[in-house]
Peer 1: 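I'd like to ask some things about the structure below.
Naming: A, B, ... by sequence-line order, numbering from 1 per chain. Quick caveat, the model's predicted, so the values are computed rather than measured.
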Amino acid sequence: MTLQLFNTLSTQVEALTPADGKAVTLYACGPTVYDYGHIGNFRTFVHVDLLRRFLEQQGVPVKHVMNITDVDDKIIRNAAAQGVSIADYTPRYEKAFLDDLRALGCLSPVIMPHATENIPEMVALIQKLEQRGLAYRTEDGSWYFRINGDPEYGKLSKKDLSGNTAGARVDVDEYEKDSASDFAMWKAAKPGEHAWDTALGHGRPGWHIECSAMAMKFLGETLDLHAGGEDLMFPHHENEIAQSESATGKPFARHWMHVRFLLVEGRKMSKSDGNFFTLRDLLLRGYKASAIRFLLLSVPYRHQLNFTFDGLAESHSAVDRLRTFRQRIEHGPWPAGENAELAAQSREAANAFTAALANDLNTAEARAAIFDLVRHANTAADHGKLQQANVQPILHALTLFDQVFNVIEDHDTEIAREALAWAEHEGKLTKESANLQASLELSDADIDKLIAERTQAKKSRNFARADAIRNDLAAKGILLEDSKDGVRWKRK
RNA sequence: GGCGCGGUACCCAAGUGGUAAGGGAGAGGUCUGCAAAACCUUUAUGCGUGAGUUCGAUUCUCACCCGCGCCUCCA
């Protein structure tokens with residue numbers, strides 16, 4: 001099924017197709033690695049991951065490129081403050097970011113170019129623009145893009161900057177610009193700053209030129225899809241379009257996708273408001289990576305998501321329901337034969353799931369389709385009407401779901417352990433992480449042993465002992481479920 | 001000020017010109033040694049407010065109220 005996706009450029013929902021008929025070329029703006037990623041960042045990355053997974057599930061390969069911005073003003077500032085070079089400063093944050101992506105179940109982009117490794121391409125692009133009269137050098141040695149030379153400027157963000165005159169909001173350092181809206185493609189180095197010696201002079205690339213150069217280097221002059229957070233639409237993506245299209249004369253990206261911001265407790269996240277959370281903050285408080293991913297995905301990408309701790313608890317319960325359900329279906333035992341009605345419901349669920357995602361990635365509707373099936377199958381099972389031939393279609397629907405949402409398969413314990421190990425190493429253990437630590441103290445083998453002991457106690461009708469074991473485990477966040485076919489357990 | 005988005009049950013949330021998906025939470029019940037899980041019943045004659053169009057509007061139009069985001073640090 002072809003994905004219909006809203007295109008910011010046309011403001012229409014349009015089919016997303018590969019221009020070459022084979023693979024979709026996707027460029028997603030990546031992180032500036034100057035600090036740990038926050039959950040707002042990850043809402044965007046998780047939705048891009050879902051898009052990619054869905055396309056691949058539909059048989060469309062995705063050539064997914066994500067840049068790593070490893071030189072910019074903040075990096076230079078922070079590195080200088082610590083007295084280290086930028087090359088010594090950025091790797092820890094890059095690693096942290098990639099670990100976080102993995103923790104959230106995101107596929108790794110196919111190519112992850114670094115800004116500092118593609119300087120020649122950026123220089124060449126600026127030179128090309130200079131030849132076309134769209135780049136100019138100011139007295140301090142910086143290079144700017146001439147907006148007035150691009151009649152289409154503003155077409156993505158629907159802004160008309162033609163009325164802008166020099167003087168409004170001009171940085172004191174940038175008084176030499178022809179127009180207030182002209183933006184830097186190359187920044188002359190100030191004394192002591194990390195810089196490259198190039199034909200443009202001694203300096204470093206601007207943020208926008210980096211993405212233009214790397215996107216075109218790795219994916220060609222016209223991309224199928226360019227994605228990022230809504231804030232990047234202007235000026236970042238607008239500037240990327242201006243630079244790229246002015247240089248090539250071709251459309252830079254056929255399709256643009258922008259993920260709306262996440263709010264926290266109804267407000268934009270900000271450090272000063274005290275509602276700023278990194279992924280690590282949440283993991284150390286004991287929230288599961290799967291619950292976080294599911295919450296981030298539960299509200300479709302074009303709507304604001306209000307991130308709350310109540311919502312996180314809710315997502316945890318919802319993921320738990322799916323996991324419990326899959327276990328139940330897999331374990332059986334089920335009588336021979338097939339319940340035709342349930343088989344039909346399974347097919348409907350799979351179809352509805354795919355149709356919902358194909359409709360501009362309606363994740364809320366897609367998850368509803370799967371929960372419908374959960375209820376139908378549980379009901380059938382309780383009435384002895386779930387039969388062996390029903391198992392495969394149900395699992396098929398769950399597999400479709402999890403290939404995209406990626407939350408049923410459980411990696412939460414190992415991710416929590418990694419987060420704890422990191423916090424310990426960095427000296428960032430807190431009171432809340434102590435609770436998490438306690439709950440991870442018992443190994444799976446320890447738990448199985450205690451469960452065996454409890455089963456013995458139950459057999460000899462020593463319920464006091466059995467309940468004591470169950471209560472002790474519960475205190476450590478281990479929940480037991482007795483069933484006809486044995487004991488299941490899970491970490492809370 | 002300019003541009004844009006949203007207001008659906010206790011909470012989150014989908015949706016359609018024809019009479020309200022799904023999840024979570026609560027209450028009662030079934031099952032269980034007791035729990036848990038699961039199931040059953042239950043929680044919006046109602047979709048911000050007021051008009052209008054229509055045989056019919058939550059869904060279209062207009063006005064108003066409220067909330068949020070973007071407007072060159074920002075996912």
Side-chain angles (χ1 to χ4, degrees), chain A residues 11 28-32 34 37-48 72-74 77 147 157-161 163-164 168-171 174 180-184 207-208 227-236 238-239 258-263 266-271 294-295 298-300 302-308 310-322 324-325 327-328 352 356 359 362-375 377-383 458 461-464 466-467 470-471 474 479-484 487-490:
Chain A
T11 69
C29 285
T32 300
Y34 70 100
H38 57 70
I39 50 172
N41 297 119
F42 291 113
R43 162 131 136 124
T44 298
F45 292 112
V46 158
H47 275 279
V48 170
D72 95 315
D73 293 350
K74 285 191 286 284
R77 182 195 67 204
I147 285 194
S157 54
K158 323 293 182 236
K159 282 187 199 306
D160 179 8
L161 295 177
N164 263 24
R169 305 191 70 172
V170 183
D171 189 296
E174 299 175 341
S181 306
D182 287 357
F183 57 90
W207 178 33
H208 317 300
E230 63 169 325
D231 59 311
L232 296 184
M233 196 163 103
F234 185 85
H236 185 54
E238 198 70 72
N239 293 348
H258 290 98
V259 180
R260 287 208 75 184
F261 266 157
L262 152 164
L263 308 176
R267 286 272 152 195
K268 184 169 169 175
M269 191 167 42
S270 84
K271 284 181 178 167
F294 198 53
L295 176 58
S298 288
V299 175
R302 282 213 286 148
H303 293 275
Q304 285 173 334
L305 162 66
N306 186 14
F307 187 97
T308 63
D310 283 351
L312 202 45
E314 181 186 308
S315 291
H316 178 275
S317 300
V319 169
D320 216 43
R321 180 166 162 89
L322 294 170
T324 304
F325 175 71
Q327 271 195 349
R328 179 181 197 187
N359 179 19
N362 191 334
T363 48
E365 206 173 308
R367 51 169 273 186
I370 295 305
F371 279 105
D372 272 336
L373 176 60
V374 170
R375 199 183 59 255
N378 269 327
T379 302
D382 276 11
H383 291 77
K458 275 177 65 180
R461 303 196 65 80
N462 183 355
F463 293 123
D467 289 352
R470 187 171 65 196
N471 291 339
L479 301 182
L480 303 192
E481 293 169 14
D482 293 339
S483 78
K484 286 190 284 288
V487 182
R488 288 194 298 262
W489 65 268
K490 62 191 177 196

Peer 1: Run the numbers on Leu262(A) and Gln304(A) for side-chain contact (heavy atoms from CB on, under 4.5 Å), then give the verdict.
Peer 2: CA-CA 6 Å; Leu262(A) 152 164; Gln304(A) 285 173 334; over 6 Å; no
Peer 1: With heavy-atom distances below 4.5 Å as the criterion, would you say the side chains of Ser317(A) and Glu314(A) are in contact?
Peer 2: no
Peer 1: Provide the distance between the two C1' atoms, one in G67(B) and one in G48(B), to the nearest whole Å.
Peer 2: 11 Å
Peer 1: From CE of Met269(A) over to C1' of C73(B), roughly how many Å is that when rounded to an integer?
Peer 2: 14 Å
Peer 1: Leu263(A) near the nucleic acid: base, sugar-phosphate alone, or nothing, with a heavy-atom cut-off under 4.0 Å?
Peer 2: sugar-phosphate
Peer 1: Can you tell whether the side chains of Asp372(A) and Arg367(A) come within less than 4.0 Å, N to carboxylate O?
Peer 2: no
Peer 1: Would you please test Lys490(A) and Leu480(A) for side-chain contact (heavy atoms from CB on, under 4.5 Å) and show each step?
Peer 2: CA-CA 7 Å; Lys490(A) 62 191 177 196; Leu480(A) 303 192; over 6 Å; no
Peer 1: Go nucleotide by nucleotide along RNA chain B from the 5' end; which of Lys268(A) and Arg488(A) gets its closest nucleotide reached first?
Peer 2: Arg488(A)
Peer 1: Within the 4.0 Å heavy-atom criterion, would you say Gly266(A) contacts the bases, only the backbone, or no part of the nucleic acid?
Peer 2: sugar-phosphate
Peer 1: Under the side-chain contact (heavy atoms from CB on, under 4.5 Å) rule, what do Leu305(A) and Arg43(A) come out as? Steps first, then yes or no, please.
Peer 2: CA-CA 9 Å; Leu305(A) 162 66; Arg43(A) 162 131 136 124; 3.7 Å; yes
Peer 1: Under the 3.5 Å rule, do the base of C3(B) and the side chain of Lys159(A) count as making a donor-acceptor pair?
Peer 2: no
Peer 1: Applying side-chain contact (heavy atoms from CB on, under 4.5 Å), run through Asn306(A) and Thr308(A) and close with a yes or a no.
Peer 2: CA-CA 6 Å; Asn306(A) 186 14; Thr308(A) 63; 4.0 Å; yes
Peer 1: OP1, OP2 of C74(B) versus side-chain N and O of Asn41(A): anything below 4.0 Å?
Peer 2: no
Peer 1: Within the distance-only criterion (no hydrogens, no angle test), does the side chain of Asn471(A) pair as donor or acceptor with the backbone N or O of Asp467(A) below 3.5 angstrom?
Peer 2: yes
Peer 1: Ser181(A) side chain: which of U72(B), G23(B), A38(B) is closest?
Peer 2: U72(B)
Peer 1: Would you classify Asn362(A) as touching base, sugar-phosphate or nothing, given that sugar-phosphate means primed atoms plus P, OP1 and OP2, and contacts are heavy atoms under 4.0 Å?
Peer 2: sugar-phosphate
Peer 1: Could you measure between the two C1' atoms, the one in C11(B) and the one in A25(B), and give it in whole Å?
Peer 2: 7 Å
Peer 1: What does Gly228(A) touch in the nucleic acid at a heavy-atom separation under 4.0 angstrom: a base, only the sugar-phosphate, or nothing?
Peer 2: sugar-phosphate
Peer 1: Which of the following nucleotides, G15(B), A75(B), C40(B), is nearest to the side chain of Leu232(A)?
Peer 2: A75(B)
Peer 1: In whole angstrom, what separates Phe261(A)'s CZ from C3(B)'s P?
Peer 2: 21 Å
Peer 1: Quick one: is Ser317(A) getting a side-chain N or O under 4.0 Å of the A25(B) phosphate, OP1 or OP2?
Peer 2: yes
Peer 1: Ignoring backbone atoms, test whether Arg321(A) places a side-chain nitrogen or oxygen under 4.0 Å from the OP1 or OP2 oxygen of A38(B).
Peer 2: yes
Peer 1: Rounded to whole angstrom units, what separation is found between the CD atom of Gln327(A) and the P atom of A36(B)?
Peer 2: 18 Å
Peer 1: Flag the pair Asp482(A) and Lys458(A) as a salt bridge only when some basic side-chain nitrogen lies within less than 4.0 angstrom of an acidic carboxylate oxygen.
Peer 2: yes
Peer 1: In whole Å, what separates the P atom of A13(B) from that of G2(B)?
Peer 2: 29 Å
Peer 1: Test your reading of the model: is there a side-chain donor-acceptor pair from Asn362(A) to the backbone of Glu365(A), 3.5 Å cut-off?
Peer 2: yes
Peer 1: Between Asn378(A) (CG) and A38(B) (C1'), how many Å, whole number?
Peer 2: 6 Å
Peer 1: What distance, rounded to whole Å, do you find between the two P atoms, one in A57(B) and one in A20(B)?
Peer 2: 14 Å
Peer 1: Go through RNA chain B and write down every stem, that is, every run of at least three consecutive Watson-Crick or G-U wobble pairs with distances under 3.5 Å, as range with range.
Peer 2: B:1-7 with B:65-71, B:10-12 with B:22-24, B:25-30 with B:38-43, B:48-52 with B:60-64
Peer 1: Atom NZ of Lys484(A) and atom P of A36(B): how far apart are they, to the nearest Å?
Peer 2: 17 Å
Peer 1: On a whole-Å scale, what distance lies between the C1' atoms belonging to U58(B) and U8(B)?
Peer 2: 8 Å
Peer 1: Please state how far atom NE2 in His383(A) lies from atom P in C40(B), giving the value in whole angstrom units.
Peer 2: 7 Å
Peer 1: What protein N or O atoms touch nucleotides 31-34 of chain B N or O atoms at under 3.5 angstrom, if any, and at what distances?
Peer 2:
from	atom 1	to	atom 2	distance (Å)
G33(B)	N1	Asp467(A)	OD1	3.1
G33(B)	N2	Asp467(A)	OD2	2.6
C34(B)	O2	Arg470(A)	NH2	2.4
C34(B)	N3	Arg470(A)	NH1	3.0
C34(B)	N3	Arg470(A)	NH2	3.4
C34(B)	N4	Asp482(A)	OD2	3.3

Peer 1: Students often mix this up, so state it plainly: with edges at 30° and 60°, are the rings of Trp207(A) and His236(A) parallel, tilted or perpendicular?
Peer 2: parallel
Peer 1: Using modelled atom types only, decide if a donor and an acceptor are shared between the side chain of Asp182(A) and the backbone of Ile147(A) within a distance under 3.5 Å.
Peer 2: yes
Peer 1: With distance as the sole test, does Glu230(A) use its side chain to make a donor-acceptor pair with the main-chain N or O of Phe261(A) at under 3.5 Å?
Peer 2: yes
Peer 1: Compute both the distance and the angle, then confirm whether Lys159(A) meets the cation-pi test with Phe234(A): under 6.0 Å from the six-membered ring centre, within 45 degrees of the axis.
Peer 2: yes
Peer 1: Rounding to an integer number of Å, can you tell me how far Arg43(A) CZ sits from G69(B) P?
Peer 2: 14 Å
Peer 1: When the distance from CH2 of Trp207(A) to C1' of C74(B) is rounded to whole Å, what number comes out?
Peer 2: 7 Å
Peer 1: Scan nucleotides 6-13 of chain B against the protein and return all N/O pairs shorter than 3.5 Å with their distances rounded to 0.1 Å.
Peer 2:
none

